[in-house]
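Each residue takes its place number in the sequence, starting with 1.
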Amino acid sequence: MTTLTDPPKESFRLSMLIYDTRYRSMTIQCVALIFFMLAAAWLVNNTLVNLNTLGKPIDFGFFTDPAGYDINQRLLDYDSRDTHLRASFLGLLNTLVVAVLGCITATILGVIIGVLRLSKNWLVARLMTVYVEMFRNVPVLLWIVLIMAILIETLPSPRRFRGDEPEATMKLFDSMAFTNRGFYFPEPLFSRSLGDINFFGESSLRFAVSIDLLVIALVLGVSIYAIRKVTGRANETQEATGERPTTWYINLAILILPMVFLLLALGFHLGYPELRGANFRGGVYMRNSLIALWLALSLYTAAFIAEIVRGGILAISKGQTEAAGALGLRSNRIMSLVVLPQAMRVIIPPLISNYLNLTKNSSLAIAVGYMDITGTLMGITLNQTGRELETLLLGMLIYLIISLSISAAMNWYNNRVKLVER
């Protein structure tokens with residue numbers, strides 16, 4: 001009787017790393033990685049040697065030196081005696097302000113314009129087409145400069161608000177002023193304030209958070225949670241009985257009444273801007289450079305988002321719209337309940353790229369004098385300290401972190417809204 005035995009296993013040989021297809025691709029990748037790391041190490045070493053030769057070794061001690069320059073638009077307290085680190089920190093906050101405001105405004109405008117481009121009204125559709133083609137085919141820098149010029153040339157200067165019969169007047173019951181230097185709005189104040197929470201003591205990264213705003217945010221969050229619970233129970237009732245209870249007045253009361261009582265308890269009132277000397281004082285100030293940058297980036301990016309939204313809507317089968325119409329839904333309800341939710345899976349991925357582009361395009365703020373991270377860290381700080389490598393590498397790292405954070409957040413949202421296949 002014969003027995004079957006397994007063939008002897010082939011022993012491993014170094015030549016197999018090249019000639020055996022099971023190992024060849026891995027060998028090539030490892031060799032390429034080694035050469036890349038050697039090239040990067042040579043580049044870094046060569047840079048460090050040359051900097052030491054020039055007497056400029058890598059050193060971040062300049063961050064503790066006084067900045068010696070002012071920042072015209074800021075969220076936190078600052079003066080020219082503060083350090084370069086604090087100046088850079090405020091520049092970063094200014095960058096984030098423009099990015100957040102721009103993304104929100106561009107999204108709202110882009111969705112509206114994208115939907116209107118598909119309107120059956122010939123005039124509306126053509127006007128939206130003109131808007132899209134006009135904005136996305138002209139460099140965003142030109143739009144920034146143009147809007148800045150319009151604000152400077154068309155709006156009145158503060159001195160024109162002076163006198164018994166001024167040439168210019170404040171708007172909305174004398175609560176807002178629009179000047180060629182910027183816009184002034186009422187400021188929320190609290191006569192029975194709970195105080196502030198200070199972080200980082202007296203360091204360059206110090207900032208304070210109002211306890212009043214934290215309590216308001218907490219109450220608002222609890223109200224929204226309660227509204228979701230009420231709405232969820234209404235949905236369960238509708239599924240069980242076929243009739244949906246009326247909850248809008250309950251939700252409205254949950255949202256408004258706790259907030260009103262809290263504001264009254266805190267002594268909420270508004271501080272209005274007043275003309276004192278050569279300029280307005282008090283209120284919330286938005287510099288004209290911030291307005292110009294915000295509007296230009298929003299209008300420019302909205303043109304691209306509109307095309308993304310239009311493409312996402314067209315990607316949805318026409319049968320979905322027809323089926324919803326057969327059920328008696330109106331066109332606006334069909335768009336909000338049927339078409340847009342399905343189109344989101346097509347819209348979100350390219351939308352991420354436009355958010356990243358808007359954030360990076362905010363570095364053009366220096367063209368109109370808005371002090372963002374480019375104008376502070378990679379601008380004046382670089383010129384004053386002569387630390388080109390340190391400031392530019394840090395600036396690149398900051399933009400990289402911001403971009404990756406936006407991408408991660410949007411990818412998380414994309415995973416939540418994507419269709420779940422059975």
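When each of Val115, Leu118, Ile113 is tested with Arg310 by the rule side-chain contact (heavy atoms from CB on, under 4.5 Å), just one qualifies, namely Leu118.
For residues 252-281, every residue pair satisfying the salt bridge (charged side-chain N to carboxylate O under 4.0 Å, His left out) rule, not counting sequence neighbours, is listed here: Glu274-Arg276. The salt bridge (charged side-chain N to carboxylate O under 4.0 Å, His left out) pairs that include a residue from residues 83-93 are Asp77-Arg86, where partners are two or more places apart or lie in different chains. For the ring-ring contact (aromatic ring centres under 6.0 Å, His included) condition, the pairs that include at least one residue of residues 107-139, sequence neighbours left out, are Tyr131-Phe135, Phe135-Trp143. Among residue pairs with one or both ends in residues 215-227, none qualify as salt bridge (charged side-chain N to carboxylate O under 4.0 Å, His left out); sequence neighbours excluded. For residues 33-58, every residue pair satisfying the salt bridge (charged side-chain N to carboxylate O under 4.0 Å, His left out) rule, not counting sequence neighbours, is listed here: Lys56-Glu388.
Considering only residues two or more places apart in sequence or on other chains, Phe89 meets the ring pair (Phe, Tyr, Trp, His ring centres under 6.0 Å) condition with none of them. Partners of Arg416 under the salt bridge (charged side-chain N to carboxylate O under 4.0 Å, His left out) rule, at least two apart in sequence or in another chain, do not exist in this structure. Here Phe183 pairs with Phe178 under the ring pair (Phe, Tyr, Trp, His ring centres under 6.0 Å) rule; sequence neighbours left out. Contacts of Tyr78 classified as ring pair (Phe, Tyr, Trp, His ring centres under 6.0 Å), with partners at least two apart in sequence or in another chain: none.
Side-chain contact of Ser336 with Asn332: a donor-acceptor pair under 3.5 Å is absent, judged by distance alone. Counting only N and O atoms by type, the side chains of Thr129 and Arg117 include a donor and acceptor under 3.5 Å apart.
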Give the table of side-chain donor-acceptor pairs shorter than 3.5 Å for residues 255-273, with sequence neighbours excluded, one pair per line with atom names and distance.
| residue | atom | partner | partner atom | Å |
| --- | --- | --- | --- | --- |
| His269 | ND1 | Gly267 | O | 3.1 |

Please table the atom pairs, donor to acceptor, closer than 3.5 Å between any side-chain atom in residues 101-108 and protein atoms at least two apart or in another chain.
| residue | atom | partner | partner atom | Å |
| --- | --- | --- | --- | --- |
| Thr105 | OG1 | Leu101 | O | 2.8 |
| Thr105 | OG1 | Trp294 | NE1 | 2.9 |
| Thr107 | OG1 | Cys103 | O | 2.6 |
| Thr107 | OG1 | Tyr355 | OH | 2.4 |

Show me the side-chain donor-acceptor pairs of residues 214-233 shorter than 3.5 Å, one per line, residues at least two apart or across chains.
| residue | atom | partner | partner atom | Å |
| --- | --- | --- | --- | --- |
| Ser223 | OG | Val219 | O | 2.9 |
| Ser223 | OG | Ile254 | O | 3.2 |
| Thr231 | OG1 | Ile227 | O | 2.9 |

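Counted within 6.0 Å of CZ on Arg159, heavy atoms from surrounding residues, nucleotides or ligands total 12 or fewer; the atom is thus considered open. Within 6.0 Å of the CZ atom in Phe199, the count of heavy atoms belonging to other residues, nucleotides or ligands exceeds 12. For Met396, the CE atom sits in a loose shell: 12 or fewer heavy atoms of surrounding residues, nucleotides or ligands are nearer than 6.0 Å. In Arg244, the CZ atom is crowded: over 12 heavy atoms of neighbouring residues, nucleotides or ligands sit closer than 6.0 Å.
When all heavy atoms are compared, the tightest approach of Ala296 to Ile144 is CB-CG1, 3.4 Å.
Remark: Asn94 CG to Thr374 OG1 distance equals 11.0 Å, nearest 0.5 Å.
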